[in-house]
Each structure stands twice: as structure tokens, then as C-alpha cells.
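Only a predicted model underlies this, so the values are computations on that prediction, with no experimental measurement involved. Residue numbers start from 1 in every chain, and the chains themselves are labelled A, B, ... in the order their sequence lines are given, proteins ahead of strands.
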Number of protein chains: 2
Amino acid sequence: MAAQKSAQSPQRSLRRNAPDAARRSERSRRAIYDAALALVSEVGYPRTTIEGIAARAGVGKQTIYRWWPSKADVLLEAFLDLSDQASELVAGPGGERQDDIPDTGDLAADLKLVLRATVDELLNPKFEAPWRALAAEGLVNEQIGTEFVAKLLEPSLQLYVRRLRAAQEQGAVRPGVDPRIALELFVAPLAQRWLQRTGPLSYEYTDTLVDYALHGIAPR
Amino acid sequence: MAAQKSAQSPQRSLRRNAPDAARRSERSRRAIYDAALALVSEVGYPRTTIEGIAARAGVGKQTIYRWWPSKADVLLEAFLDLSDQASELVAGPGGERQDDIPDTGDLAADLKLVLRATVDELLNPKFEAPWRALAAEGLVNEQIGTEFVAKLLEPSLQLYVRRLRAAQEQGAVRPGVDPRIALELFVAPLAQRWLQRTGPLSYEYTDTLVDYALHGIAPR
DNA sequence: ACCGTCAGGCGAGACGCCGCGTCTTGTCAA
DNA sequence: TTGACAAGACGCGGCGTCTCGCCTGACGGT
């Protein structure tokens with residue numbers, strides 16, 4: 001027995017029968033992502049099946065079950081991958097990520113700009129179906145919900161937190177205000193309107209949200 | 001062709017083979033509601049099956065398929081029924097519904113009070129599972145989503161709209177403000193925090209939302 | 001640097017199970 | 001008398017597990 005300090009097999013003990021990631025087929029992984037995203041968009045999340053994904057990807061079912069515990073996890077990873085690709089396009093291949101909201105000194109204008117970009121993203125048909133599916137799954141499945149929020153939403157929200165803190169130092173936001181709660185005033189209504197289809201997403205709408213959130217609805 | 005305006009059978013033409021509602025068993029209907037709500041709470045929405053509801057309710061599967069098109073519709077109706085019962089308890093059996101937010105002249109206080117009541121309702125364990133399930137289904141299923149919003153959410157939102165309009169007439173809200181959007185400033189963040197489990201629901205939190213929404217986060 | 005070996009990931013698909021939605025039967029109440 | 005009812009059989013399709021050869025990539029000996 002060679003120099004393994006523990007157990008008979010190399011890093012098998014993490015989960016039962018953990019597969020060897022070094023020998024994993026990159027080709028299959030990508031095909032599965034593509035098939036999952038395509039199927040969710042084409043036939044909807046509930047009618048997307050693991051059998052269907054496997055067939056579409058030209059992959060054995062076992063290959064999916066080997067690497068993911070559920071179809072929700074497959075879709076979550078596929079969507080994360082899609083988002084990464086998309087944001088790599090925006091930033092250069094050099095790597096500098098879009099990791100801050102611009103600070104022109106005009107908070108209202110900066111927020112409106114970012115929210116307009118968010119609207120554009122939400123209206124991108126490639127994102128809609130998987131995004132809705134994951135949001136829905138997250139409501140009912142705590143594990144997916146937590147991961148969805150942490151990996152997909154939280155990074156964007158942190159951008160707002162930083163921008164609002166900067167505004168606070170500049171005196172553009174009241175000192176006592178909690179940025180974490182403040183950002184919800186414009187983000188949550190937008191998200192809700194989109195998810196619940198209670199109205200059209202327009203620049204006018206998001207601009208209004210920013211104005212209300214900054215100055216309140218009471219007379220000044 | 002045979003100008004029957006009313007066809008051969010009484011109100012059969014609405015859908016194919018529409019059943020006779022007059023002969024419907026009230027007993028089965030109630031049992032199905034109870035079983036559906038109980039199962040969703042006990043085993044979760046995805047593992048709640050029509051077979052399971054039928055068995056639990058002591059009812060034939062056909063009785064469910066006769067009256068509802070899908071398990072989501074069953075649950076929606078069951079939950080509407082539950083809500084009606086609950087709000088009948090609050091109002092007297094005489095019938096006067098709680099159909100307005102109190103107007104003490106102090107808008108902030110009135111809103112805080114109602115939001116605190118909403119928090120209590122959201123934390124009621126009897127409501128949580130079915131509410132989440134329906135919200136999730138509504139994200140992915142447009143028909144359910146529309147009905148969910150219209151029958152469950154919209155009535156409550158109208159209460160806010162009315163109260164905000166009254167406030168507007170009293171000069172407590174700026175004239176140009178759209179009440180429909182204004183109410184989202186405090187309702188949407190609360191809903192989102194609850195649904196996404198991104199933080200605890202406390203009176204302190206909802207009070208803060210009202211303050212931010214009324215006065216904004218910018219210096220006055 | 002090369003090449004042989006072999007563990008294990010791979011595509012394919014069979015398996016038993018279960019819930020789906022439909023259909024059939026006999027019972028019972030309006 | 002009619003039609004909703006409880007019970008449950010039916011074929012179907014997706015589930016998650018399994019078995020089969022094939023092929024690949026990591027590793028060791030020369």
C-alpha cells in the first residue's frame with residue numbers, strides 16, 4: 001500500500017462513493033448545462049426531467065446522478081455558469097470584474113442607471129425561465145433557496161451596500177440608515193413586480209422607485 | 001345548424017362534461033381541503049400527491065379530478081377557504097369585514113400597526129407551508145400566479161391604496177405619489193425577506209420600513 | 001520521454017416503483 | 001332515475017438504481 005496516510009482509497013470518505021473529480025468529463029458537464037437550460041426554457045421547469053436532460057445532452061442518466069443530487073441543483077449550477085459567462089463578456093477577458101456601482105457623486109442617477117441595467121437583464125429571454133424556476137424552487141426548498149440567494153443575489157446586493165455606504169459618507173444618505181434595508185426599498189418591489197407579473201418593467205417605474213426611496217412619500 | 005342557444009343539457013357546454021354542482025358533496029370538498037393543507041405542511045408541496053390527498057381525505061381520486069384541474073388549484077382553493085375562515089373569526093359572524101385600515105390621522109402609526117399584524121400572520125405555522133407553495137407555483141405557472149395575486153394579495157393591497165389616498169387628501173403624502181407603487185416600498189421588502197428567508201421578521205424591521213418609506217433615506 | 005496497465009467515468013438502457021390521469025364498477029342519495 | 005361517490009385497475013412515463021462494455025486519463029516502470 002502506497003503512502004496514503006488514511007483509508008484504502010484516496011479521498012473517498014467525504015461522501016459515500018464520492019466520484020473522482022479528476023477524471024470527470026468536461027464535455028458532458030457542458031452538454032448537461034446546455035440541455036438543462038434549453039429544456040427549462042422550452043418546456044418549463046416542471047416538465048423538465050432528468051431523463052430528458054440526459055437524452056438531450058447525449059449523456060447517460062448515471063452521469064447526472066453521479067454529480068448532482070437533484071434537478072434543481074443541476075439547474076442552479078447551469079445558471080451560475082451562464083451568469084459567469086455573461087459577466088465575463090461585460091468585463092474584459094483580462095479579468096477585472098464589474099465589482100462596483102459607479103460613483104458619480106449623484107446617488108439617484110447612479111442607482112437609476114444600475115436598475116435600468118437590471119431591468120434589461122430581467123427581460124433577457126435567455127434568463128427568464130431558469131431564473132423563475134430557481135426562485136420558485138428556492139421558496140419551497142430551503143437548501144436551494146439559501147444557495148440561490150448566497151451565490152446569485154448576494155453578490156449584487158453587496159454592490160448596493162457599498163454604494164450606499166459611500167453615499168452615507170458623502171452625506172447623501174442619512175447617517176442612521178441601514179444600507180442593507182435601504183436597498184430593499186427599490187430592489188424588492190422590482191423583483192416582486194417581475195416575479196408576480198403585476199406590472200410592466202419600465203425605466204420609468206424603476207426611476208420612480210429610486211425617487212420614492214430616496215425622498216420618501218411624505219411631504220418634505 | 002340547429003340553433004340551440006342552450007344545448008341539450010343544462011350548463012353542460014361550459015366545459016366538456018361539466019359535472020352537476022348541485023349534487024356535489026360538501027363533505028368530500030371539506031375533507032379534500034383539510035387533507036391538502038395538512039399534507040403540504042407535513043411532507044412539503046412537491047411530495048404532496050393527488051393520490052395522497054385522496055387517500056387522506058377518504059375520497060376517490062376521480063372526485064378530485066372531477067372538480068379541480070391540478071393539485072395547485074386544489075391547494076389554492078383550500079387556502080382561500082382557510083383565509084376566509086380566519087378573517088371571519090376576526091370580524092364578527094354578523095359579517096362586517098375588516099375592510100379598511102384604521103385612520104387615526106397618524107399614517108406612520110397606522111401602517112406600522114397593520115404591518116405588525118401581517119408579520120404575525122406570516123409567522124403562523126398553519127399558513128406558512130401552503131402560502132410558500134402557492135407563491136412558488138405562481139412564479140412558474142402563470143394561471144395560478146394570476147389567480148393567487150388577484151384573490152389573495154390584491155384585496156389586502158387595496159386596503160393600503162385606500163389608506164394612502166386618504167393620507168394624500170390629508171396632506172400626509174405628497175400629491176404626485178402613486179399609492180400603488182408607494183405601498184410596495186414596505187410590502188415588497190417584507191414579503192421578500194420572508195419568502196427568501198434572508199432575515200428575521202420583527203416589528204422593529206417593519207417599523208423601519210415604514211419610516212424609510214415615508215421619509216426616504218436621503219437627508220431631509 | 002515513453003508506453004503499458006487499469007481504475008473508474010462514460011453512454012446506453014433494463015429494472016422495480018410510484019404517481020399520473022383515465023376508466024370501470026357497484027353503491028347511495030338527491 | 002340520475003349522477004356523484006369510494007374504490008381501485010390500467011397503461012404510461014419519470015424516478016433512482018443497477019449492470020454492461022467501451023474508452024480515457026492518471027500513474028508507474030523502464
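Straight-line distance from the CZ atom of B:Arg56 to the P atom of D:dA6: 17 Å, rounded to whole Å. Regarding B:Ile64, its CD1 atom lies at a distance of 9 Å from the P atom of D:dA6, rounded to whole Å. One can place CZ of A:Arg29 at 19 Å from C1' of C:dG11, the figure rounded to the nearest angstrom. Rounded to an integer number of Å, the gap from A:Ile50 CD1 to D:dT17 C1' is 13 Å. For A:Tyr65 and C:dG11, the OH to C1' distance is 16 Å, given to the nearest whole Å. The CG-C1' distance, from A:Asp73 to D:dC15, rounds to 16 Å in whole Å. In this structure, the CZ atom of A:Arg27 is 11 Å from the C1' atom of C:dG11, given to the nearest Å. Here the C1' atom of nucleotide C:dG21 and the CH2 atom of B:Trp67 are 18 Å apart, to the nearest Å.
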Polar atoms only, N or O, under 3.5 Å: list the protein pairs with nucleotides 23-30 of chain C and their distances.
from: C:dC23; atom 1: N4; to: B:Gln62; atom 2: OE1; distance (Å): 2.6

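Defined by atom type and a distance below 3.5 Å, a donor-acceptor pair is present between the side-chain atoms of A:Glu137 and A:Tyr45.
For B:Arg24 and B:Trp67, the positive end sits near the middle of the six-membered ring, less than 6.0 Å away and at most 45° from its axis.
Contact between the side-chain N/O atoms of B:Ser28 and the OP1/OP2 oxygens of D:dA4 is not found at any separation under 4.0 Å. For B:Thr63, no side-chain nitrogen or oxygen approaches OP1 or OP2 of D:dA4 to under 4.0 Å.
Going from atom CG of B:Leu82 over to atom CH2 of B:Trp131 covers 11.0 Å, rounded to the nearest 0.5 Å. A distance of 10.5 Å separates CG of B:Asp211 from CD1 of A:Ile181, quoted to the nearest 0.5 Å.
Looking at which nucleotide of DNA chain C each of A:Glu51 and A:Gly58 is closest to, the 5′-most match is held by A:Gly58.
The pair B:Glu77-B:Lys71 fails the salt-bridge criterion, with no side-chain N (NZ, NE, NH1 or NH2) lying under 4.0 Å from an Asp/Glu carboxylate O. Salt bridge annotation for A:Asp103-A:Arg163: present, with a cationic side-chain nitrogen under 4.0 angstrom from a carboxylate oxygen. Salt bridge annotation for A:Arg56-A:Glu42: present, with a cationic side-chain nitrogen under 4.0 angstrom from a carboxylate oxygen.
Distance from the side chain of A:Val59 is smallest for C:dG11 among the nucleotides C:dG11, D:dC5, C:dC20.
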